[in-house]
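Beneath this line is the structure, given in structure tokens, with notes to follow.
The first residue in the sequence is number 1, and the count goes up from there.
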Amino acid sequence: MKSYNLSQLPRVALHPETIKHIKLGHPWVTEDSYTKKFPANSFFLLGINANTKKDVGIFLNDPKHKNIKARFWSELPVQLEFEEELAQRIDAAIEKRFKLQLSNQRENYLLINAENDFLPGLLVLLLKEQILVQYYALYWKNLESEIIPLIKKSFKNYFSEINLKNIWIQERNFEQKKSIVSTEVSTCSEFELQEYNVNYKIKINENYDYGLYSDMSAIRKQMLPFFSDAKKVLNLFCYTGAFSLFALSKGATEVISVDLSAKYLSWLEENLAINPQLKKESHFCMNLASEKALLKLKSENKKFDMIICDPPSASSDGDKLSNAFKSYEQLLPMMLDVLEPSGKIFAFLNTHQISWNKFEEKLKQIISSTDYKDNVLPGKRFKLSEDYLPIKGFYEGDYLKGIMIEFKKGKI
């Protein structure tokens, strides 16, 4: 196991802005003129104030990451050796999830939430009876033989009723190429799990993602009160259909799922097939870009009580590559055209690069350029919570943003 050995750690100067953000609780050292001098072959770095020469703390070196070059680990003086501290943090994170009692409602949730659990770059999910370990910082790969037993031990202590079948390890990368291995020789990579009484097919070793966005799970629960009046639901960028199936389970009489990927729509149909309690005749797929689907629906005089729009951060609609933030310039006016007067739009953005206020102001700006400018307003926010709850000072951890848009009362 790694040891600090402070006298031998490389001392690296930190940018004044980095130090300011570290003191506010932000754990990242992003690329700048100072990081260019960081050594590439040291696991730990001792960060210092370039002006005062005083020690700032211990950092985990991340030279292979595109933007983040080190992540804060500990203040000085250190209270525990690295191995002890690592074990305590893993145990504290898993104990926190145990106390949330999420297994009463769903079989997919986080056990470790990276920076938000003070384990920077390490995300660990429970998917029914299997664990998926995701490295967002590749220094964890060097500690694999240590951290996997620690995760197993802590998991067994708190979740003894779950028969853990496998642990998968995935390197998350900018190219979104599948890079996943199993810690077991004989294993099943395709299985079903349940979320809020709906079944989903998980394919853990087939794609970059496994078929269900677990960070949306708590948000689906937050949205529950709005599904009771939503009889006609439109799900744009539906992926494998979690919101579509959730809407059907809450009594929707017509659900239209839109996605450009035929593969994901086929996966959605598989999910429908394992839910015999849902009315499949009430569900329809549109294998189109969302803009084209909205035009078609408008031409057919379709209207919806609820529209869910969760575009990927950057996606191709078949003709061009666009980012989610800008795509709302086209999408939002078209969604308003097919929204019932009592209906609601749930607009999501999945990036830490755009703040809550900037996202809301963008939506207001778009609305102001439409015929609905006097009648529509953004309202309630839907944030990460429960197992994905971000910590104060780390705004990147608050990456998933949802804003409800509706007509003002009495206005059409």
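Taking the centre and axis of the six-membered ring of Tyr208, the NZ or CZ atom of Arg172 falls inside the cone set by 45° and 6.0 Å. Both cation-pi conditions hold for Lys203 and Trp267: the charged atom is under 6.0 angstrom from the six-membered ring centre and inside a 45 degree cone around its axis. Cation-pi contact between Arg220 and Tyr196: absent, since separation from the ring centre below 6.0 Å together with deviation from the ring axis within 45° is not met. Under the 6.0 Å distance and 45° angle rule, Lys362 counts as a cation-pi partner of Phe325.
At distances below 3.5 Å, not a single donor-acceptor pair connects side-chain atoms of Ser154 with backbone N or O atoms of Ile151. Not one N or O on the side chain of Ser42 forms a donor-acceptor pair closer than 3.5 Å with the backbone of Pro39. Between the side chain of Asn235 and the backbone N or O of Ile256, no donor-acceptor pair lies under 3.5 Å. In this structure, His283 contributes its side chain and Lys279 its backbone to no donor-acceptor pair below 3.5 Å. Judged purely by atom type and a 3.5 angstrom limit, Glu107 uses its side chain to pair as donor or acceptor with the backbone of Gln194. A distance-only check finds a donor-acceptor pair linking the side chain of Glu84 to the backbone of Glu81 [under 3.5 Å].
Checked for salt-bridge contact, Lys364 and Glu361 meet the test: a charged N lies under 4.0 Å from a carboxylate O. Checked for salt-bridge contact, Lys303 and Glu254 miss the test: no charged N lies under 4.0 Å from a carboxylate O. With respect to the salt-bridge test (charged N to carboxylate O, under 4.0 angstrom), the residues Asp229 and Lys250 do not qualify. Classification of Lys298 and Asp337 as a salt-bridged pair holds, one side-chain N sitting under 4.0 Å from a carboxylate O. Look at Lys141 and Glu171 and you find a salt bridge, because one of the NZ, NE, NH1 or NH2 atoms lies within 4.0 Å of a carboxylate O, short of that distance. Glu192 and Lys201 are not joined by a salt bridge, as no carboxylate oxygen comes within less than 4.0 angstrom of a charged side-chain nitrogen.
Separating the CD1 atom in Ile405 from the CG atom in Leu377 is a distance of 9.0 Å, to the nearest 0.5 Å.
Scanning for side-chain hydrogen bond (donor to acceptor under 3.5 Å, both in side chains) contacts around Trp28 gives Glu115, with sequence neighbours left out. For Asn157, there are no side-chain hydrogen bond (donor to acceptor under 3.5 Å, both in side chains) partners at least two apart in sequence or on another chain. Considering only residues two or more places apart in sequence or on other chains, Ser214 meets the side-chain contact (heavy atoms from CB on, under 4.5 Å) condition with Asn108, Leu125, Leu127, Tyr210, Ser217, Tyr388. Legend: residues meeting side-chain contact (heavy atoms from CB on, under 4.5 Å) with Met404, ordered by chain and number and at least two apart, are Phe226, Lys344, Phe346, Lys380, Phe382, Glu406. In this structure, Gln88 has no side-chain hydrogen bond (donor to acceptor under 3.5 Å, both in side chains) partners at least two apart in sequence or on a different chain.
Heavy atoms from other residues, nucleotides or ligands lying under 6.0 Å from NZ of Lys280 number more than 12. Annotation for Asp371: atom CG does not count as buried by contact number, only 12 or fewer foreign heavy atoms lying within 6.0 Å. A 6.0 Å sphere centred on NZ of Lys302 holds no more than 12 heavy atoms belonging to other residues, nucleotides or ligands.
Remark: aromatic rings of Trp73 and Phe118 are distant, center separation not under 6.0 Å. When ring centroids are compared, Phe72 and His26 stay outside the 6.0 Å threshold. A ring-centre distance under 6.0 Å is found for Phe246 and Phe227.
Each salt bridge (Lys or Arg N to Asp or Glu O under 4.0 Å) pair with one or both residues in residues 236-247, not counting sequence neighbours, would appear here, but there are none.
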- Query: Going through the distances and angles, do Tyr239 and Asp310 end up as a side-chain hydrogen bond (donor to acceptor under 3.5 Å, both in side chains)?
  - Reply: CA-CA 9 Å; Tyr239 188 42; Asp310 182 22; over 6 Å; no

- Message: salt bridge (Lys or Arg N to Asp or Glu O under 4.0 Å), that's the test. Do Arg97 and Asp117 meet it? Break it down for me.
- Response: CA-CA 11 Å; Arg97 297 332 186 281; Asp117 282 317; 2.7 Å; yes

- Message: Please determine whether side-chain hydrogen bond (donor to acceptor under 3.5 Å, both in side chains) holds for the pair Ser282 and Thr253, giving the CA-CA distance in whole Å, both sets of side-chain angles, and the decisive distance to 0.1 Å.
- Response: CA-CA 6 Å; Ser282 299; Thr253 56; over 6 Å; no

- Please step through side-chain hydrogen bond (donor to acceptor under 3.5 Å, both in side chains) for the pair Glu31 and His65, ending with a clear verdict. CA-CA 9 Å; Glu31 187 173 32; His65 197 279; over 6 Å; no

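In this structure the side chain of Leu119 reaches within 4.5 angstrom of the side chain of Ile90, judged on heavy atoms.
In this structure, Phe159 and Tyr109 have tilted ring planes: the angle between them lies in the 30° to 60° band.
At a cut-off of 3.5 Å, with distance as the only test, no side-chain donor of Ser189 or Glu206 sits close to an acceptor on the other residue.
Taking all atoms of both residues into account, the shortest heavy-atom contact from Ala218 to Ser385 is CB-OG, 3.5 Å.
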